[in-house]
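Below: one structure, written as structure tokens.
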Protein chains: 2
Amino acid sequence: MKKAEATRLNILQKAFELVYEKGYQTTSIDDILATTQVTKGAFYYHFKNKDEMGIAIINELLKPILTSSFIEPLQNYKNPTETVYNLIHHLLMENDFLKVQHGCPVANFTQEMTPWNEDFSKALNEISQQWIKSMTLYFEKAKKNGLINTSVNAKRTTLFIMSGYWGIRNFGKLENNKSVYLPYLKELKNYLETLK
Amino acid sequence: MKKAEATRLNILQKAFELVYEKGYQTTSIDDILATTQVTKGAFYYHFKNKDEMGIAIINELLKPILTSSFIEPLQNYKNPTETVYNLIHHLLMENDFLKVQHGCPVANFTQEMTPWNEDFSKALNEISQQWIKSMTLYFEKAKKNGLINTSVNAKRTTLFIMSGYWGIRNFGKLENNKSVYLPYLKELKNYLETLK
DNA sequence: ACAAAAACATACTAATCGGTATGTTTTGTG
DNA sequence: CACAAAACATACCGATTAGTATGTTTTTGT
């Protein structure tokens, strides 16, 4: 039972890389078979069809990876301005799972799959709601500890920051250059300062 | 020569609607032919191939429409906070060319086409640079007239706002509901106030 | 060691894709 | 009205697509 799981994971990982790079619809099963060196029989043994594999990528690969990248940094509780800024800075500038030219994988999937398959929207919504929840809780805590102004609306602020993050990822993808991230980050810092 | 142009425009409009709704890769030429009632011969008389049609959608349809939606409102010069807020509010809540469940057409194209065809990136970049330029100029003017703080960096601020706009469009698409727009808009107003 | 199930391999299929070849019809112009 | 070019129509094509049918091999529990 160990080798089979490795095969499945190999498919998911390689398939994700292809999808992240080229998009879901333009990545064919045969593309995936070619890069994984897995045969069609093996593929369809592990996944009922292509969409089920796509959902598995989201739930079994993206979710855990992005949870650790997005949510865990917010557990080490410090100065909110700095913590949130560092989180976004790390995601944009240092995280080497995410590539500027490919954008945000969750945003990519959202754009491409939302009109195509409801199951994708569900799985993606779970990820984004997780992010929102954890950052909202973070700001709530910061308010109680007097680290940010009590007039701050935690959920609204979170949504505003998350939106900016998704948007600048799109800009980066369009311009294929991390340099657009820098002015964004500076202005993010400005904004975060106003929460104090 | 008039009827032919009408045919071309009809193709572009119907094709855009399909692409905006379903995505570019999942919209087939045959889909477009079926909804336009145009034959394949006519289609390929007007467009060398599918991608050329896609570029034409961006340059001949999206660009003029979005220019009037994004840029013209910034010509009527008033209070920046109010003007920019009203612009975004109108785009999100009232503009009936843009649909919440379909997201931002420029962002959609960016996500889907950037890895596929460079010409798309070029055409899309022209649109987004146009937006950035006009809003940056707007903030510069506002600074000179003392309507916002001189410490404001016009370009950075513009990029920050534009990113937020693209991001919240993605949220709206994912949740298929305009209600996420409201907290975003409130926080946008807060942010704009800090520029004074 | 052996049977049964799990895991994988190969060959195929029907449908759909973008695109082309080869027409016919319509339109503008002298 | 003629006739050439523009505009459109029809029939087709090779390639690719997701998926299946039918195998063989490997692993596992007993």
Side-chain angles (χ1 to χ4, degrees), chain A residues 1-58 60 109 112-120 123, chain B residues 1-58 60 109 112-120 123:
Chain A
M1 288 282 204
K2 212 64 178 301
K3 185 101 178 293
E5 277 171 32
T7 303
R8 181 188 168 91
L9 191 65
N10 182 32
I11 294 172
L12 288 179
Q13 283 172 340
K14 298 273 176 50
F16 167 74
E17 280 171 37
L18 287 171
V19 169
Y20 186 31
E21 188 188 327
K22 310 195 310 166
Y24 181 83
Q25 306 285 358
T26 50
T27 299
S28 68
I29 309 273
D30 287 339
D31 282 341
I32 297 167
L33 301 183
T35 60
T36 51
Q37 300 276 50
V38 159
T39 61
K40 201 157 256 191
F43 181 93
Y44 278 99
Y45 173 78
H46 287 285
F47 305 101
K48 205 178 90 219
N49 52 41
K50 192 185 176 185
D51 281 4
E52 200 187 83
M53 181 212 62
I55 302 286
I57 288 177
I58 295 173
E60 296 170 38
F109 267 119
E112 210 177 341
M113 300 314 292
T114 284
W116 180 258
N117 186 323
E118 258 192 49
D119 295 336
F120 279 81
Chain B
M1 287 279 202
K2 212 66 175 299
K3 186 103 177 291
E5 277 171 33
T7 303
R8 181 187 168 92
L9 191 65
N10 182 33
I11 294 172
L12 287 180
Q13 284 172 338
K14 297 271 176 51
F16 167 74
E17 280 171 35
L18 287 171
V19 169
Y20 186 32
E21 187 188 327
K22 310 198 305 165
Y24 181 83
Q25 305 286 358
T26 49
T27 299
S28 69
I29 309 274
D30 286 340
D31 283 341
I32 297 166
L33 302 183
T35 59
T36 52
Q37 301 276 48
V38 159
T39 61
K40 201 159 255 193
F43 181 92
Y44 280 97
Y45 173 78
H46 287 285
F47 305 101
K48 204 177 92 220
N49 51 40
K50 191 187 178 186
D51 281 3
E52 200 187 84
M53 181 212 63
I55 302 285
I57 287 176
I58 295 173
E60 296 169 37
F109 267 120
E112 209 176 344
M113 300 313 292
T114 284
W116 180 257
N117 185 323
E118 259 193 48
D119 296 336
F120 279 81

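Only this structure's heavy atoms are used, side chains among them; waters, hydrogens and symmetry mates stay out.
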Reckon B/H46 has a side-chain N or O less than 4.0 Å from the OP1 or OP2 of D/dC8?
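Looking at the OP1 and OP2 atoms of D/dC8, one of them is under 4.0 Å from a side-chain N or O of B/H46.
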field: Under 4.0 angstrom between B/T7 side-chain N/O and D/dA7 OP1 or OP2
entry: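 Negative; the distance criterion is not met.
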Please give, in whole Å, the distance from [N] [atom2] to [X] [atom1]?
| X | N | atom1 | atom2 | result |
| --- | --- | --- | --- | --- |
| B/Q37 | D/dC8 | CD | P | 14 Å |
| A/L33 | C/dT10 | CG | P | 12 Å |
| B/Y45 | C/dG19 | OH | P | 19 Å |
| B/I32 | C/dG19 | CD1 | C1' | 13 Å |
| B/F43 | D/dT10 | CZ | C1' | 17 Å |
| A/E5 | D/dT27 | CD | C1' | 14 Å |
| B/R8 | D/dA6 | CZ | P | 15 Å |

Does a side-chain heavy-atom distance below 4.5 Å link B/T36 with B/F43?
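With C-beta onward as the side chain, the pair stays apart.
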side-chain contact (heavy atoms from CB on, under 4.5 Å) between A/M53 and A/I32, intermediate numbers included
CA-CA 11 Å; A/M53 181 212 62; A/I32 297 167; 3.7 Å; yes
Identify the pairs formed between an N or O of the protein and an N or O of nucleotides 17-23 of chain D at a distance under 3.5 Å, and give each distance.
unit_1, atom_1, unit_2, atom_2, d
D/dA18, OP1, A/K50, NZ, 3.1
D/dA18, OP2, A/I29, N, 2.9
D/dG19, OP2, A/Y44, OH, 3.4
D/dG19, OP2, A/K50, N, 3.0
D/dG19, N7, A/K40, NZ, 3.3
D/dG19, O6, A/K40, NZ, 2.8

Exercise. What residue pairs, at least two apart or across chains, pass salt bridge (Lys or Arg N to Asp or Glu O under 4.0 Å) with a residue in residues 40-51 of chain B?
Worked result: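 Qualifying pairs: B/D30-B/K40.
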Original post:
B/A123: what forms a side chain to side chain contact (heavy atoms under 4.5 Å, CB included) with it, not counting sequence neighbours?
Top reply: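 B/I58, B/N59.
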Between B/F120 and B/E112, is the side-chain contact (heavy atoms from CB on, under 4.5 Å) condition met? List the steps.
CA-CA 10 Å; B/F120 279 81; B/E112 209 176 344; over 6 Å; no
Point to revise | CD (B/Q13) with more than 12 external heavy atoms under 6.0 Å | key: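 Count over threshold, so yes.
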